**Q** 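Before I ask anything, here is the structure I am working with.
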Protein chains: 2
Amino acid sequence: MPDHRSARAQRLRDAGYKLTNARLTILDVLETHGGHMTSAEVLEKVEARAPEVGRASVFRALDLFTRLSIIRPTYINDSSTPTYVLMPGGHHHHIICTNCDRVIEFEDCHLEKLERELERQFRVRLTGHLLEFYGLCATCIANHDADK
Amino acid sequence: MPDHRSARAQRLRDAGYKLTNARLTILDVLETHGGHMTSAEVLEKVEARAPEVGRASVFRALDLFTRLSIIRPTYINDSSTPTYVLMPGGHHHHIICTNCDRVIEFEDCHLEKLERELERQFRVRLTGHLLEFYGLCATCIANHDADK
DNA sequence: TTAGATGCAAATAGTTTGCATTTGT
DNA sequence: ACAAATGCAAACTATTTGCATCTAA
């Protein structure tokens, strides 16, 4: 299995950034949690594990990790606050229910071919992608139909 | 050509929402601008066109339009503030340069098949999607290489 | 050794709320 | 007619900044 944890720290290092206690703690919090985390949740977990790490460093690290395509902020529910998703292998895919905000993750996206096409067409070098579908989940479809 | 403008107002109406002056103004601002707009830009344009429309109504409408898959908030640059993209036909696709934040839009995504697969697999009813690729644009690749 | 990163606390900016009033249907 | 939506301004909350200090390389 791929060791994403050391791989991501390595990525920081390769890009010329220091492996500080703050960054490694924040990265570990994200990796331990695994899924979707709001900045508030990250702040809370970091505070619990390493009280000496300041709020500002958390936001600075989240920005940095975003620039490095390690995570990606997205809007899940009532906007205004981003939810960060880890992007192992540079990509992530999910379905968001626009009624109850449930998130369903899925694996396959078959976007490799499109990715290569885009790189050629626009002369870009792509490092990751996020694919979000919106709609109603099974539960909300049932409730909706029951309303009739 | 499809008349997205009346189509979207119709969508509001069909979902049981009132076609108020505030909502129609905000919708028109989004459609006139066409592309990506931050909440600040929407506020500014709405203020210019219809000063009587309050700030709160703008945010309430942006939330509503998001729930209806008319627009979708996403993070383009320095996070913290969402950029809203119109989703004609329910979908939108772009490439974001993680170095200079340039946005390149593209049309084809070939996701219809995947969409149908997901609907079957998870028993969901999908209304739209957003596909974002991250990486370096041609200009930033050149600058990066020049640094060596 | 030293550029880069941190932690703190104060400042800022973006967004939401409560409520009396207005409006679409 | 009346529920839904609005506009206002105040309250709130999340995020950022400036700067002296610290630390990874």
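Reckoned from all heavy atoms, side chains included, excluding hydrogens, waters and symmetry mates. Lettering follows sequence order; numbering is per chain, from 1. Note that the structure is predicted; figures quoted are calculated from it, not measured.
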**Q** Take atom CD of B:Glu41 and atom P of C:dG14, then tell me their distance rounded to the nearest Å.
**A** 12 Å
**Q** Would you say B:Arg55 places a side-chain N or O within less than 4.0 Å of OP1 or OP2 belonging to C:dT16?
**A** no
**Q** Which class fits the ring pair B:His36 and B:His92: parallel under 30°, tilted 30 to 60°, perpendicular over 60°?
**A** perpendicular
**Q** Check step by step if salt bridge (Lys or Arg N to Asp or Glu O under 4.0 Å) holds for B:Arg55 and B:Glu47.
**A** CA-CA 9 Å; B:Arg55 232 170 275 113; B:Glu47 163 70 23; over 6 Å; no
**Q** Quick one: A:Leu43 CG to C:dT6 P, roughly how many Å, whole number?
**A** 14 Å
**Q** Phosphate oxygens OP1/OP2 of D:dA14: is one of them under 4.0 Å from a side-chain N or O of A:Thr81?
**A** no
**Q** Given A:Glu31 and A:Arg8, is the salt bridge (Lys or Arg N to Asp or Glu O under 4.0 Å) satisfied, shown in steps?
**A** CA-CA 10 Å; A:Glu31 291 175 329; A:Arg8 284 189 265 249; 2.5 Å; yes
**Q** Rounded to 10°, tell me the angle between the two end axes of the helix from C:dT1-D:dA25 to C:dT25-D:dA1, each built from five pairs.
**A** 60°
**Q** So, OP1 or OP2 of C:dT16: does either fall under 4.0 Å of a side-chain N or O from B:Arg60?
**A** no
**Q** Would you mind reading off the distance between B:Phe65 atom CZ and D:dA5 atom P, rounded to a whole angstrom?
**A** 12 Å
**Q** Looking only at the aromatic ring of each residue, does the gap between the centers of A:Tyr75 and B:Tyr75 stay below 6.0 angstrom?
**A** yes
**Q** Respond yes when some side-chain nitrogen or oxygen of B:Ser39 is under 4.0 Å from OP1 or OP2 of C:dT15, and no when none is.
**A** yes
**Q** Whole angstroms only, please: what is the CD-P distance between B:Gln10 and C:dT25?
**A** 11 Å
**Q** Please check if the side chain of B:Arg23 supplies one atom and the backbone of B:Ala61 the other of a donor-acceptor pair under 3.5 Å.
**A** no
**Q** Any side-chain donor-acceptor pair under 3.5 Å between A:Ser69 and A:Thr127?
**A** yes
**Q** When you measure from the side chain of B:His93 to the backbone N and O of B:Glu107, does any donor-acceptor pair fall under 3.5 Å?
**A** yes
**Q** Rounded to the nearest Å, what distance is computed from the CG atom of residue A:Leu24 to the P atom of nucleotide C:dA5?
**A** 13 Å
**Q** For B:Ala56, which contact category applies under a 4.0 Å heavy-atom criterion: base, sugar-phosphate, or nothing?
**A** base
**Q** Within residues 11-20 of chain B, find the residues that approach DNA chain D with a heavy atom at under 4.0 Å, and present them sorted by residue number.
**A** B:Tyr17, B:Lys18, B:Thr20
**Q** Separation of A:Glu52 atom CD from D:dC22 atom P, in whole Å?
**A** 14 Å
**Q** Looking at B:Ser57 and B:Ile26, what are the two nearest heavy atoms and their distance?
**A** O-CD1, 3.8 Å
**Q** Using whole Å, what does the distance between atom C1' of nucleotide D:dA5 and atom CG of B:Asn21 come to?
**A** 12 Å
**Q** B:Asp63 has an atom CG; how far is it from atom P of C:dG14, in whole Å?
**A** 16 Å
**Q** Kindly state whether the ring of A:His110 and the ring of B:His110 have centres lying under 6.0 angstrom apart.
**A** no
